[in-house]
There are 2 protein chains.
Amino acid sequence: MRMQDIARRLGISAMTVSRALKSDSSVAPTTRAAVLKAIEELGYVPNQIAGSLSSRRSGFAAVLVPSLNNPHFSETVLALGSALQARGMQLLIGNTEYDRRKEAELVRALLARKPEAIILTSDGHDPRILPMLAKAKIPVVEIWDLPARPIQHVVGFSNRIAMRGLIAALIAQGYSRITYLGEADDADTRGASRRLGYCEAMAAAGLGPRLCSIGRPPATMSDGERGLDTVLSAFPDTELVACVSDPLAFGVIAACQRRGWVVPDRLAVSGFGDFEIARIGVPAITTVQIDAGQIGREAGGIIGEAFDALRDLPLAPVIRPVPALPCLRASTMIAR
Amino acid sequence: MRMQDIARRLGISAMTVSRALKSDSSVAPTTRAAVLKAIEELGYVPNQIAGSLSSRRSGFAAVLVPSLNNPHFSETVLALGSALQARGMQLLIGNTEYDRRKEAELVRALLARKPEAIILTSDGHDPRILPMLAKAKIPVVEIWDLPARPIQHVVGFSNRIAMRGLIAALIAQGYSRITYLGEADDADTRGASRRLGYCEAMAAAGLGPRLCSIGRPPATMSDGERGLDTVLSAFPDTELVACVSDPLAFGVIAACQRRGWVVPDRLAVSGFGDFEIARIGVPAITTVQIDAGQIGREAGGIIGEAFDALRDLPLAPVIRPVPALPCLRASTMIAR
DNA sequence: GAGTAGAATGTTATCGATAACATCGTAGGC
DNA sequence: GCCTACGATGTTATCGATAACATTCTACTC
């Protein structure tokens, strides 16, 4: 069924049907009512593919995340989706699985759908995506990090500085034998940045780095459970395990509890990200607070601004930092 | 840039370029190589919107889930995405937020994109979506429940029977003062089914229902933390709190631990879904095991079969039950 | 060497909506 | 009462790829 069919049924032209469906055009109220009624009765659903081709507006925005299982990214995607829905846009989600090559393939596949904006979870990108993005001439927003050479707009925070701040705060609490537990894969630059931040904070305090790694990103609770052994065999005198993320930290704590160890008395543990589990779990987990929803909302806002800006006068690149501050909780609160 | 431009550059026709891009057509190897080279050099990205309109194949499948934050649904979506990617299809994700009206709107919006299949998270549907789905003439798969009147294909399990089985197993363990804690909203039929299963199991043992509710779906860990008070004020003699989901159960356990209560000695707790947290948390949580990934993979498989089946001879409706069995763990293991 | 099969490529029409321009009619100003 | 302006609607061309059919041209058969 096409617009033509609706039109013929009412003795009008397809164009009038088209106009009746987009509320801004000038159509007589009675005509519009008749069109909407006919559409309802016939169960007509417009073909947006044809509409997109003709109007050169796909109604899509594309977002690439490394993982959907991570509650943080899903929350960002959720907030972004809501923000864009207000502008009548659908979100196309691509899952890179922390794989740079996969990201490049997805960028190509998604650009073929002519998105009107694209959101990348900042990470080391395959250089080949840059010309493709440039040619697409659409707003690009990188989220979840502050890249050294931004492509265009950015909403995020420095994973390095945030982790450095957390470790510095913990050192200030009196900890010194702090061991870092992260993922094995360096393609995940967010993980690598956090590790670097840890190293810097340790160095600033005159301490050497104590690095362990387990599993591949994203780090899971199960990785944390196994990770405790790794940490203890490499650095038996560890006082505090600084984990790359909250789920990993939770796993380490669970492993401690299975051994009958009290956290933080026997071993302290910190995470990153302020997942719900960090607030609710017992003990509550010391972490870096990130508002994943805010990142999505801000990114949606920037895309809105970019659309509102004149086409010929594109919006100047926006770099919008979001807070990422240490939050000390019971898992590292020890009287000394 | 269009195919025309590539073609002109090589002195061939656009059609040949089109054929070179889809490997099955007959194009001379040298021609194909030249085309691919030119495309690479020029950074040409085909316009899939035009392609879809012409070929009447959108390359999309649409999936509707009540929530993306729920690790279960995101895992299903992930597995589904991988299964469909193998067939070169992209996944369009819609978030219903447990809202039937929203679901209906999304179905309409997504059908306008001409998906080649649609996956619904089974729930009470708005009746208006049925004619729209019928008209779309595409495979429809309902997942995560066994609806009484399936639309077409189904991959899921009976939430009612699964919960009934879990409660029966717990009663067999010696528990009798079992209080149910779920969400307040009945629009979430999966939650309502689980509650019904609880009631049936209690009735079968000659016990009356003890029902509490907290928050709106999806139940969070925070809801669980607050829920303990609700349960105790309504049924102070409760021995076991049967929660509608694992995160809720985790919250209840956390609240117990904050009170210094030992789970399960002072109060036992059960969940539903076998989330990672149920396995890793201490104590491990008694639950109903569901393989969320399997649901996605099976759904993808059915869609594949439906495509392979002749267009005129559509695949007969497939009802594929997945296991959902009780898994007794430490959170209810008490010597009696 | 005529005939034919089939590989390689070109031509034309089409998918279904919408942009851009054209037309018609009527209300209101002078 | 004529003219203008604009509201309401129609017509035509177009978006960019691909299906379907047409056309070459080569290689091989008998």
Side-chain angles (χ1 to χ4, degrees), chain A residues 1-36 38-39 42-60 88 108-109 111-116 135-137 311, chain B residues 1-36 38-39 42-60 88 108-109 111-116 135-137 311:
Chain A
M1 185 159 33
R2 297 160 306 159
M3 278 196 178
Q4 195 61 254
D5 303 314
I6 306 287
R8 216 185 327 259
R9 195 169 197 266
L10 298 171
I12 60 179
S13 76
M15 199 58 225
T16 303
V17 176
S18 171
R19 282 194 269 252
L21 277 174
K22 37 187 59 207
S23 35
D24 57 317
S25 329
S26 72
V27 182
T30 56
T31 310
R32 161 164 300 136
V35 168
L36 295 180
I39 283 175
L42 296 172
Y44 166 70
V45 176
N47 183 333
Q48 196 165 354
I49 294 178
S52 296
L53 179 60
S54 177
S55 67
R56 262 142 292 188
R57 298 201 54 240
S58 67
F60 277 130
R108 166 175 284 265
L111 284 183
R113 306 263 186 200
K114 303 290 165 190
E116 299 178 46
K135 241 173 223 127
K137 291 202 176 60
R311 291 259 147 199
Chain B
M1 186 160 30
R2 298 161 305 160
M3 277 196 179
Q4 195 60 253
D5 303 314
I6 306 288
R8 217 187 324 261
R9 194 167 197 266
L10 297 172
I12 59 178
S13 77
M15 198 60 225
T16 302
V17 176
S18 172
R19 282 193 269 250
L21 277 173
K22 37 187 62 209
S23 36
D24 57 317
S25 328
S26 71
V27 182
T30 57
T31 310
R32 162 164 300 137
V35 168
L36 295 180
I39 283 176
L42 296 172
Y44 165 71
V45 176
N47 184 333
Q48 195 166 357
I49 294 178
S52 297
L53 180 60
S54 177
S55 67
R56 261 142 293 187
R57 296 202 57 240
S58 67
F60 276 131
R108 165 175 286 265
L111 284 183
R113 307 266 187 196
K114 304 290 165 190
E116 299 179 45
K135 242 173 223 125
K137 291 201 174 59
R311 291 259 149 200

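Chain letters run A, B, ... following the sequence lines, proteins first and then strands; every chain starts at 1. It should be emphasised that the depicted structure is a prediction, and the values quoted were computed from it without experimental measurement.
Among residues two or more places apart in sequence or in another chain, the side chain to side chain contact (heavy atoms under 4.5 Å, CB included) test is passed with A:R8 by A:R2, A:Q4, A:D5. Among residues two or more places apart in sequence or in another chain, the side chain to side chain contact (heavy atoms under 4.5 Å, CB included) test is passed with B:A28 by B:T30, B:T31. In terms of the side chain to side chain contact (heavy atoms under 4.5 Å, CB included) criterion, residue partners of A:S13 (sequence neighbours excluded) are, by chain and number, A:M15, A:T16. Under the ring pair (Phe, Tyr, Trp, His ring centres under 6.0 Å) criterion, A:F60 pairs with B:F60, not counting sequence neighbours. Annotation: salt bridge (charged side-chain N to carboxylate O under 4.0 Å, His left out) contacts of A:R9 (sequence neighbours excluded): A:E41.
For the pair A:S18 (side chain) and A:A14 (backbone), a donor-acceptor distance under 3.5 Å is absent. A donor-acceptor pair under 3.5 Å is absent between the side-chain atoms of A:S54 and the main chain of A:A50, judged by distance alone.
Mapping A:R56 and A:I49 onto DNA chain C via the closest heavy atom, the residue that lands nearer the 5' end is A:I49.
Each of A:K137, A:R56, A:R57 was evaluated against A:E116; a single residue qualifies, A:R57, per the salt bridge (charged side-chain N to carboxylate O under 4.0 Å, His left out) test.
Of all non-hydrogen atoms in A:V45 and B:L111, the two that sit nearest each other are CG1-C, 4.0 Å.
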side-chain contact (heavy atoms from CB on, under 4.5 Å) between B:M3 and B:L21, worked out
CA-CA 10 Å; B:M3 277 196 179; B:L21 277 173; 3.8 Å; yes

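For the contact set between residues 3-15 of chain B and DNA chain D, defined by any heavy atom under 4.0 Å, the members are B:M3, B:M15.
Contacts of B:T31 with the nucleic acid, taken as non-hydrogen atoms under 4.0 Å apart, involve only primed sugar atoms and P, OP1 or OP2.
End-to-end axis angle for the helix from C:dG1-D:dC30 to C:dC30-D:dG1, using five pairs per end and rounding to 10°, comes out at 40°.
Side-chain N/O atoms of B:S26 include none lying less than 4.0 angstrom from OP1 or OP2 on C:dT9.
Running 5' to 3' along DNA chain D, contacts with non-hydrogen atoms of chain A at under 4.0 Å begin and end at D:dA8 to D:dG16.
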